[in-house]
Protein chains: 2
Amino acid sequence: MLGTIDKAARVLDLFSLEKPEWGVSEVAAALGWAKSSAHAILCSLAAAGFLHRTPQGRYRLGWRVLVLNRVLNETTPLKKVATPVLENLVRHYGETVHLAVLERGRVVYVEKLQGTRAVRVEVTFPGASLWPHASALGKVLLSGLPDEEVVDLAAYQGLPALTPNTITQVDELLSELRGVRRRGYAYDIEEYMPELCCVAAPVRNHVGTVVAAVSFSVPVYRFRESKEAYKNIILEAAKRISENLGYDPKALGFLKLA
Amino acid sequence: MLGTIDKAARVLDLFSLEKPEWGVSEVAAALGWAKSSAHAILCSLAAAGFLHRTPQGRYRLGWRVLVLNRVLNETTPLKKVATPVLENLVRHYGETVHLAVLERGRVVYVEKLQGTRAVRVEVTFPGASLWPHASALGKVLLSGLPDEEVVDLAAYQGLPALTPNTITQVDELLSELRGVRRRGYAYDIEEYMPELCCVAAPVRNHVGTVVAAVSFSVPVYRFRESKEAYKNIILEAAKRISENLGYDPKALGFLKLA
DNA sequence: TGGGGTGTTCTGCATAGGCGAACGTCTGGC
DNA sequence: GCCAGACGTTCGCCTATGCAGAACACCCCA
């Protein structure tokens, strides 16, 4: 809404793993602004601690995001509620477990717990993001959105094929999401990466909105044998987390009628 | 510089461990603004993903912070360079090791590595902050600042006594910092917390500026016996990290004369 | 069923901030 | 070693932006 904040956000978006350091002119060119405008935004973000000015007058992300992240991590109800449940899953079944949310069209890992088996799925750092259309987590999270928004998202960021199994057509994605809504869970059978399979289930808050998703990530050979079992376990875990967030299917089923 | 960004930063500052959720009126009251102004900032921050709107129309930190933090963590040269050195320290000596920076007057932990000994110092989450005047890390970081800034900081946030050993007078702090600059390291002998001691040394970048500090945290009974040894080890580690950041004492000693 | 507390919307006025041009500085290549 | 080009920074004008206050809509509790 406020132009300046939107601009600041667009600037911060530029700082990525691929290009973590930017100069004033580069930012101005990348965003099509006057150099002095870019300079003002960069200066202000640096003064506020969100960016760090190198001695050469270039810019990197600043330490303040670390401070914010700490507050986020230690106060967010979702993490507090979910972590013990997820730890239990790893302890019992030894498979890699993920918790993720949808952030501006991308699946963002909030919590990752490395499996304990000899052959296991390696996890990425929290904050890393995935394509929503090609992952079980993503499909579950998209299933919480109205179809129009899914269409917009697909149009905006595309549906690239990551493996031969990836869904690349919008209508196919929409019908898959209808299935996910009906069943209450999603599979990813080597759609993101060969040899990798996932099952994910939605986490809902007290008003029934899908706020996150939990998943098992399992090597394909082990997954084929016990798909059903993994599905039931992850559904149960998602239900437990949702209930701890105040989700009450009965009360909300009643609301749906009204 | 830009008022709107400064305001946004002040709003984000409100979100803390003690009060991680704010409403529009609360923000307006806390900052002395009109309700509509607070509303505009909160809306914009939420639209940009920095805040998350709860179903009740209140606000919490948003997931985008997590995404930024990940980029920071994976691209910051300091962490990349320091982590292997610090891991070595823990492996060899088993004591808790910290890496910290100064962020708007507070000591912020960037990296923490838990010691492996039976009796060890428990670490806090990265992003947590400490009083600079009462910690070894803080004194090292302050030693990189001109005296005026230290005086301003002390005036602004005070020098509370955390233990009987804490420095609580500005002139005493300044003379301590002079010693730190001369010696090149700082001790904390139960100044922050009873039973806890630290040694810290400065990490410098290629232009010689103190950009961070590394420390050992050791129980007092073990520290008394081998203060000197810990000091030498941490000095060596700091030197190694600094050199990997491009610090070259000889080249800079030459510059000082000019 | 009302009242006080929310979050949200509207409109006009003043100022904050965007632009483009000029400045100072550094680097690298002839 | 010098000049040329690029960079980050500064300045001042003009316009658009975003601030304030009051009115609105909503929810929860008494």
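Since the structure is predicted, the reported quantities are computational estimates derived from the model, not experimental observations. Order of the sequence lines sets the chain letters (A, B, ...), proteins ahead of strands, with each chain counted from 1.
The distance from atom CZ of A:R58 to atom P of C:dT27 is 13 Å, rounded to the nearest whole Å. A:Q56 places its CD atom 12 Å from the C1' atom of C:dT27, with the value rounded to the nearest Å. Atom-to-atom, CD1 of A:I5 to C1' of D:dT17 comes out at 13 Å; the value is rounded to the nearest Å. Rounded to a whole Å, the CG atom of B:L2 is 13 Å from the C1' atom of D:dG18.
The distance from the CZ atom of B:R60 to the NZ atom of B:K19 is 9.5 Å, given to the nearest 0.5 Å. Taking CZ of B:R240 as the reference point, atom CG of B:N244 lies at 8.0 Å (rounded to 0.5 Å). In this structure, CG on B:L66 lies 11.5 Å from CG on A:L68, to the nearest 0.5 angstrom.
Applying a 4.0 Å cut-off to non-hydrogen atoms, none of the residues of residues 22-31 of chain A approaches DNA chain C.
Remark: A:T4 is in phosphate contact with D:dG18, judged by side-chain N or O atoms under 4.0 Å from OP1 or OP2.
Residue whose closest nucleotide on DNA chain D sits further toward the 5' end, between A:H39 and A:K7: A:H39. In this structure, B:I41 and A:Y59 both approach DNA chain D, and ranking their closest nucleotides by distance from the 5' end singles out A:Y59.
Side-chain N or O atoms of B:W22 include one that pairs as donor or acceptor with a backbone N or O of B:L14 at under 3.5 Å.
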message: Protein within reach of the bases, or only the backbone? For nucleotides 20-30 of chain D, mark each nucleotide 5' to 3' as B, S or -, using heavy atoms under 4.0 Å.
response: BB---------
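With no hydrogens or angles considered, a side-chain donor-acceptor pair links B:E111 and B:T83 at under 3.5 Å.
Remark: A:R106 qualifies as a cation-pi partner of A:W131 under the 6.0 Å distance and 45° angle criteria applied to the six-membered ring.
When all heavy atoms of B:A136 and B:A186 are compared, the pair lying nearest together is CB-O, 3.6 Å.
Atom CZ of B:R181 sits in a crowded spot, with more than 12 heavy atoms from other residues, nucleotides or ligands closer than 6.0 Å.
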